[in-house]
Amino acid sequence: MTSRIYPSAASLCLLAVFSLPASAADHDVEVRNFSFSPENLNIQAGDTVTWTRFSGTHNVNADDGAFRCANGCDGQGGNGAPTASWSSFTLTFDTAGSNPYHCQIHGFAGGGMSGTVTVEGGGAPTPTPTPTPTPDDNGDIRFTNNLFVEPENGGNEVVRVERVNGSDGAVQVSYATSNGSATAGQDYTATSGNLSWTDGETGTKTFTVTILDDAVDEGNETVNLTLSSPTGGAVLINPSQATLRITDNDSASPGELQFTSSEFSVGEGEGMATLSASREGGSDGSVSVDYDTADGTALAGSDYTAVSGTLDWGDGDVADKSFDVPIFDDVEPEFAENLSISLAAASGGASLGNPSVTTLTINDNDGPMPCDDTEFSVCLLSRFLVTIRFETNDGSMGDARAFKLTDSAASFEFFEVGNVEIVVKMKDTCTLPDGHPLRNFWVFIAGLTNVRVEITIVDTVTGTVRKFINQLNQPFFTPAPESPDGQANPPGAIQATTEALGAFPTCDV
């Protein structure tokens, strides 16, 4: 006889999770489909983590902009832009603290396709990155691009820095240059200073880097650009570090081909999105590049029309080129959806610049997403939409049937009617005072299955998404790290002790 498991709210007392001491070791994370596996790692200072991409168009992007990696890492000889090809890279973590990250296309800070590396031991902990502020906050500050390109004889490169996501109060940020492969005084003039925005002001500010021309055939060189010390409550977000590439003018330079932005957006009702690409750092000869769309949360055929083609530039031509992506307008309320578009196969001696992959976001025009009970979904606490998909050994996929037990709990049946495999329960503790460690919406999950399971919970009020994934042929949600009293948490239940494991910090929204 199989018993149903109902997680107890008493598990909320497990507020802190401590990893056992471990010697220096190597850890592996698989980047497959739309998840990192394992999603959360506890390691010791000095350990290394290797990410390997097996499928999908993904990268690993630190929430605080500390690293961005795919085919290697930016600033370390590699290219951190999302890639659809096989890739693998390794990072060493020497400093204690939390290192949350996400896929630049399919995730965001604290949600979607995301993960965390928690480092114990070593030096002082790395401060936990401040969550991305909501509109009407002090705002975020970043470079408008990861890469700026200027020919050696261009004279000056204008570097653009923007304030987004808020405009409360006067804010300021410091900027500075430093040597990459280029040398200050020989290839460029070092500069540093501050950029300021007044209360209520957003948009772009600029500073100029003077390029020094010479007659030496030395190839392209780089200058490091860094933002630091924001004031007035502003927060640095990625990219807070960028590269200025000085292209040598002493030999033929066909240039680099790249998107004009790493992000584009369109309203669902506009019917067409226009994306553009630029040719930077040279104009010698005729060049071309291919483009192609790929599904993200938006699906070709239902949300947009898949397109592919080629963009062409003639000899001396540096004008931006554009192409259109048709957008479908439906009547279903839904959250914003996205797709990725990649550049590839640059010809004529041109190379791919950065970004060579961009994201197109389709913003819904049909009102808020409903939270409805259906055969395959339940609405808990009147706002959290819960759905479950499962995958068996033969690769077949299925949607779990949902059966609502109470306003805060539901069971899910796999394979056949009555075969309960998972129970999901949510707990509202938002009545607790501000600052209380338990003041959140909490998630408890228990299961009796070893198939691959993907549980998706959407806060339909805020759009916040949490995913819980159990891998194929593994005990359901294997025991969490040891709790403070030294007793291992029981298998079959996930104790939501941190935001990454199941809390929705959306009480005040």
Side-chain angles (χ1 to χ4, degrees), residues 2 4-7 32-37 39 55-56 106-107 111-114 295-303 328 330-339 362 364 366 368-426 443-460 463-477 492-494 502 504:
T2 300
R4 293 180 177 175
I5 298 177
Y6 296 88
R32 191 187 298 271
N33 298 325
F34 295 98
S35 65
F36 299 105
S37 178
E39 184 177 278
S55 63
H106 303 107
M113 183 178 173
S114 61
D295 286 353
T297 53
L299 303 179
S302 58
D303 299 306
F328 297 155
D330 58 35
V331 295
E332 296 294 330
E334 56 197 351
F335 292 115
E337 299 172 304
N338 60 65
L339 60 137
I362 305 173
D364 184 57
D366 300 305
M369 182 177 181
C371 190
D372 295 331
D373 296 329
T374 69
E375 182 180 2
F376 300 106
S377 68
V378 291
C379 183
L380 300 183
L381 301 181
S382 300
R383 67 186 280 179
F384 293 95
L385 187 67
V386 185
T387 57
I388 298 180
R389 285 184 62 77
F390 58 87
E391 178 182 358
T392 60
N393 280 315
D394 62 5
S396 60
M397 303 292 295
D399 294 304
R401 287 177 297 276
F403 181 76
K404 196 165 189 176
L405 303 173
T406 68
D407 182 56
S408 62
S411 63
F412 290 84
E413 300 171 346
F414 291 13
F415 309 115
E416 58 192 38
V417 174
N419 184 40
V420 175
E421 297 274 341
I422 290 178
V423 174
V424 178
K425 178 179 179 180
M426 297 198 65
V443 179
F444 297 88
I445 305 171
L448 298 171
T449 185
N450 68 342
V451 301
R452 187 183 188 278
V453 176
E454 183 170 300
I455 305 169
T456 302
I457 304 179
V458 180
D459 184 347
T460 60
T464 304
V465 179
R466 293 285 183 268
K467 286 184 180 292
F468 304 90
I469 298 175
N470 191 75
Q471 298 301 334
L472 186 66
N473 294 325
Q474 290 185 1
F476 186 75
F477 288 127
I494 182 169
F504 285 79

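Since this is a predicted model, take the numbers as computed values, not measurements. The first residue of the sequence shown is numbered 1, and numbering continues consecutively from there.
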Practice problem: Run the ring-centre check on Phe412 versus Phe390 and record whether the distance is less than 6.0 Å. | Solution: no

Practice problem: Nearest 0.5 Å please: distance from the CG atom of Asn419 over to the CG atom of Leu448. | Solution: 9.0 Å

Practice problem: Nearest 0.5 Å please: distance from the OG atom of Ser411 over to the CD atom of Glu421. | Solution: 11.0 Å

Quiz item: Are any of the side-chain heavy atoms of Val451 and Phe414 separated by less than 4.5 Å?
Solution: yes

Quiz item: Does some side-chain heavy atom of Val386 sit less than 4.5 Å from a side-chain heavy atom of Thr456?
Solution: no

Self-check item: Distance in Å, Met113 CE paired with Thr297 OG1, rounded so as to fall on 0.5 Å steps
Solution: 13.0 Å

Quiz item: Side chains of Ile445 and Ile455: closer than 4.5 Å at any heavy-atom pair?
Solution: yes

Quiz item: Should Met426 and Phe444 count as side-chain neighbours, where that means a heavy-atom distance under 4.5 Å?
Solution: no

Practice problem: Please report the closest heavy-atom contact between Lys404 and Ala410, naming both atoms and the distance. | Solution: CA-CB, 4.1 Å

Quiz item: Leu385 versus Ser377: any side-chain heavy-atom pair under 4.5 Å?
Solution: yes

Exercise. Identify, with sequence neighbours excluded, every residue that meets side-chain hydrogen bond (donor to acceptor under 3.5 Å, both in side chains) alongside Asp399.
Key: Arg389

Quiz item: So do the side chains of Val453 and Ile422 get within less than 4.5 Å of each other, counting heavy atoms only?
Solution: yes

Quiz prompt | Minimum side-chain heavy-atom gap Ile362-Leu339 below 4.5 Å | solution = yes

Quiz item: Can you list the residues that meet the side-chain hydrogen bond (donor to acceptor under 3.5 Å, both in side chains) rule with Ser408, with sequence neighbours excluded?
Solution: Thr406

Exercise. With rounding to the nearest 0.5 Å, note down the distance linking NZ in Lys425 to CG in Leu405.
Key: 10.5 Å

Self-check item: Separation of Phe384 CZ from Cys379 SG (nearest 0.5 Å)
Solution: 9.5 Å

Practice problem: Would you check if Glu454 and Ile388 make a side-chain contact, meaning some heavy-atom pair closer than 4.5 Å? | Solution: no

